[in-house]
Participant: 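I am attaching a structure below and will ask some questions about it afterwards.
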Amino acid sequence: MSTEVTKKREEDKLLNLKTQSGFEPKSVYGPEDVKGMDYKRDLGDPGEYPYTRGRFRDGYRNKLWLKHTAFGMENIEKSVDWLKWLLEAGMGGIRFTTDSCNQLGSDMDHPLVKDTLGCGGPPYCSQRDFERQLEGISLVGLGIDFPCATAAWNNILCYCSLMNLAEKRGMNIAEMRGSCNGDPLHAEAIDSTAPHPLDVTFKMVIDLIEFSSKNTPLWHPLVPCGYDMRESGIDTVQEVAFILAERIAYIEAAMARGVPFDKIRAPLQFSGEIDFFETICKMRAARRMWARIAREKYGATNPQTLRPNCSINCAGSSMMAQQPIFNAIRLTGELIAGVLGGAGSLEMKGFDEPLGLPSQDAEVINLGIAQIVTHEMNVPLVTDPLGGSYYVEWLTNKIEEEALKLMKQIEDMGGFKAAVEKGWAQAEVKKAALKRQSELNNKELIKVGVNAFEHLAKDEIPVRLYYYDNPEKNAAQLLAEFKAFKASRNMAKVREGLLALKAAATRKENLIPHIMRALKVDATYGEVMGTIRIASGYTWDAYDMVQVPDFMK
Amino acid sequence: MTSNKTSEKRPIRVVLGRLGVDKHSRAALVVCKALRDAGMEVIYLGYGLLPESIVNTAVQEGSDVIALSSHCNYHRMLFPKVMQLLKEKGREDICVVAGGIIPPRDKEFLESIGITGSMGPGTPTDEIVKHIKDRVDAARLGHAGAARKV
């Protein structure tokens, strides 16, 4: 009996000695590992250039991080009730979900989406649908995030709809706060066969940056995103390098249009992956890297552009379907790492992310985690409390060193846009996806309950998942309502609005004001995208399953 | 009913894709490679597929297997259409397997209509390969009911 216990004790040890991205740290770090560092040059106090230690001296004493969540049920009515509950419960920031038609930039009756409406949240493809999602919700002080990075068109359509709504409610759009994270370069880099051509979507994003810099100066029109690429398997070094290189690509394109560098507001957004120290250190490294690029390369003087907001989006792929309650533990770790890294806003996934739409239990758990970490564990009390740790400073330096090498490689290719056009970024993402799987197969990457300690997932601890009845009936009803709406419109006005948009697109003007006007006269999201496509020389529909409508001929 | 099945040991041919607008591609990429490494022929159709397209391709290409990857909860609504189309074309001999984000209670429903597997993130790829091989071996031996037993 005692031999068995001894054997078990011997087997209870570290399964691997590498971090998630393959760093192989020593067992101990000391002064020799940070020799040559200069406090003022390389760290600075929080709130001082180069902002390694954070954006503000008082850190979270000023303001706790914005608690963000995605909200979206199977239809708009349920979603609005749900949103009211979330705001009451303490969420400060909301992210709209993207159902299939929003992913595609099509209408609800498109053959590829009409049978699955509501599976990914409420579908919305008109000004009217958009407004219904915010009925009875005050826009004042609400942090709104439009997703998703791989559907830049949806971001932009939502922005236009929101500004229309704000004007309707008598608000000054110059005071609107929120962000659009449409990132077509990132979308192309993933093997997702983006439905709309890069030249069209890239221009739309630059249009948004230009419009926003003049009309909605508090809005973030750009959040260069590594999230989906990270989900696909790239590591921390690639994530930092790609995010910063993308940033440069978009910013330089906007500057070529005459937008001053200091007027381009774009946060740094990272994936909140499971490796604790990598998350903390990549945020510190990226803040320093960006501050130096902004000042030395672009002469930035605006603190907003030198030390942009840093946000974390917890990694969906870090959540496992086996023994789902364990994901609450993973989320706790990811939150603490994000807070220690200085995140200004943090979106947590539901613990049930791998199993369906987020349940109410998932939101309660996430809010509970945030409040316990804050008020019981006292984690946010001191700004950058790990600053000065030999390991943390070493790892921050190491991530920066490797990411700078990769950024040089991208620069030599002509920048991130060129790297995507050449297919290089896509190849890197594919390689990373296969590498991650092989690491899981070989147990170089451990997932508890999945490829190690499987006995802990044998009996699933009961959880309450969100299910809704009769998805077919829900989809059919949404479709019927949409068709009725389309038939009820003043088609002369719709046609006029879309033709004006088409003319502007043909003349390569900034499309944002024209999209806003078209949406105000009830053009649908699919019709707006179709119009922009045909003006740019493409088919009305990305899959050629829907033809140019008669009223547009 | 026409069938390309013979008793010879020819490589298993799989058509793999994602119905509807499901941009989660990593799993499909990884599974394609695993199946090819195991000696299977894989036709990867990507995403943005209608049930008709994947079924027509499978029939035209003489495939043994249709592998459906789903991460957006589409399986309840779209997968039964695949089975219905196969039935209409008299090609119920083509094995249909699924994978991705499929909750346990939906796995039972899919099995009841003849779609097996429903393996999720973290499944070792050799388990997926074995499952497909077992299904195809049983189908080639002509056991139509084997779909529900494997």
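Just so it is clear, the values below take in all heavy atoms, side chains as well, and ignore hydrogens, waters and symmetry mates. Letters A, B, ... mirror the listed sequences (proteins, then strands); counts begin at 1.
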Participant: What's the shortest heavy-atom distance between A/Ile190 and B/Ser25, and which atoms?
Facilitator: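 Taking every non-hydrogen atom into account, CG2-OG, 3.9 Å.
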
Participant: Out of curiosity, A/Tyr467 OH to B/Asn73 CG, how far, rounded to the nearest 0.5 Å?
Facilitator: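 Here the rounded value is 8.0 Å.
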
Participant: Checking B/Leu19 against chain A: side chain, backbone, both or neither under 4.5 Å from a heavy atom?
Facilitator: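 Interface part for B/Leu19: neither.
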
Participant: Among B/Ala27, B/Ala34, B/Gly48, who wins on heavy-atom pairs under 4.5 Å with chain A?
Facilitator: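 With the most close heavy-atom pairs to chain A, the winner is B/Gly48.
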
Participant: Could you tell me whether A/Asp469 atom CG has more than 12 heavy atoms of other residues or ligands within 6.0 Å of it?
Facilitator: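 Atom CG in A/Asp469 is not crowded, with 12 or fewer foreign heavy atoms closer than 6.0 Å.
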
Participant: Examine whether an atom of A/Ala475 lies under 4.5 Å from a heavy atom of chain B, and if so say whether it belongs to the side chain, the backbone or both; otherwise answer neither.
Facilitator: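 The side chain, not the backbone.
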
Participant: Looking only at non-hydrogen atoms, find the nearest pair between A/Cys119 and B/Cys72 and report the distance.
Facilitator: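 Nearest pair, atom of A/Cys119 first, then B/Cys72: CB-O, 3.4 Å.
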
Participant: Side chain, backbone, both or neither: which part of A/Leu117 has a heavy atom under 4.5 Å from chain B?
Facilitator: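 Answer is backbone: N, CA, C or O of A/Leu117 sit under 4.5 Å from chain B.
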
Participant: By a 4.5 Å heavy-atom criterion (distance strictly below it), what part of A/Gln322 contacts chain B: side chain, backbone, both, or neither?
Facilitator: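 Answer is side chain: those atoms of A/Gln322 sit under 4.5 Å from chain B.
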
Participant: Name the option with the most non-hydrogen atom pairs under 4.5 Å to chain B; the candidates are A/Leu104, A/Leu355, A/Asp115.
Facilitator: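 So the answer, after comparing A/Leu104, A/Leu355, A/Asp115, is A/Asp115.
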
Participant: Measure distances from A/Ser317 to the heavy atoms of chain B and classify the residue's part below 4.5 Å as side chain, backbone, both or neither.
Facilitator: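 The side chain, not the backbone.
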
Participant: Would you check if A/Arg436 and B/Arg26 make a side-chain contact, meaning some heavy-atom pair closer than 4.5 Å?
Facilitator: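 Answer yes - side chains close enough.
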
Participant: What are the two closest heavy atoms between A/Gln437 and B/Thr123, and how far apart are they?
Facilitator: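 Smallest heavy-atom distance, with atoms named: NE2-O, 4.1 Å.
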
Participant: Considering only heavy atoms and a distance below 4.5 Å, find which of A/Glu231, A/Met320, A/His110 pairs most often with chain B.
Facilitator: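 If we count pairs closer than 4.5 Å to chain B, A/Glu231 comes out on top.
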
Participant: Can you say whether A/Asn441 sits under 4.5 Å from chain B via the side chain, the backbone, both, or neither, judging by heavy atoms?
Facilitator: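 The answer is the side chain of A/Asn441.
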
Participant: CE/A/Met545 to CG/B/Leu50 distance, rounded to the nearest 0.5 angstrom?
Facilitator: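 Output value for this atom pair is 4.0 Å.
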
Participant: Which heavy atom of B/Tyr74 sits nearest to which heavy atom of A/Ser100, and what is that distance?
Facilitator: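 Of all heavy-atom pairs spanning B/Tyr74 and A/Ser100, the closest is OH-CB, 3.2 Å.
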
Participant: Measure the spacing between NZ of A/Lys114 and CE of B/Met77 and express it to the nearest 0.5 Å.
Facilitator: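 These two atoms lie 11.0 Å from each other.
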
Participant: Count the heavy atoms of every other residue, nucleotide or ligand shown that sit under 6.0 Å from CD of A/Gln477, and state whether that count exceeds 12.
Facilitator: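 Count not over threshold, so no.
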
Participant: Quick check for you: to the nearest 0.5 Å, what is the distance between B/His24 atom NE2 and A/Ser232 atom OG?
Facilitator: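 So the gap between those two atoms works out to 9.5 Å.
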
Participant: By the definition side chain to side chain contact (heavy atoms under 4.5 Å, CB included), identify the one residue from A/Leu112, A/Asn102, A/Thr116 that meets it with B/Val21.
Facilitator: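 Result: among A/Leu112, A/Asn102, A/Thr116, A/Leu112 is the only option passing the side chain to side chain contact (heavy atoms under 4.5 Å, CB included) with B/Val21.
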
Participant: Can you say whether B/Leu78 sits under 4.5 Å from chain A via the side chain, the backbone, both, or neither, judging by heavy atoms?
Facilitator: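 Looking at B/Leu78, just its side chain touches chain A.
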
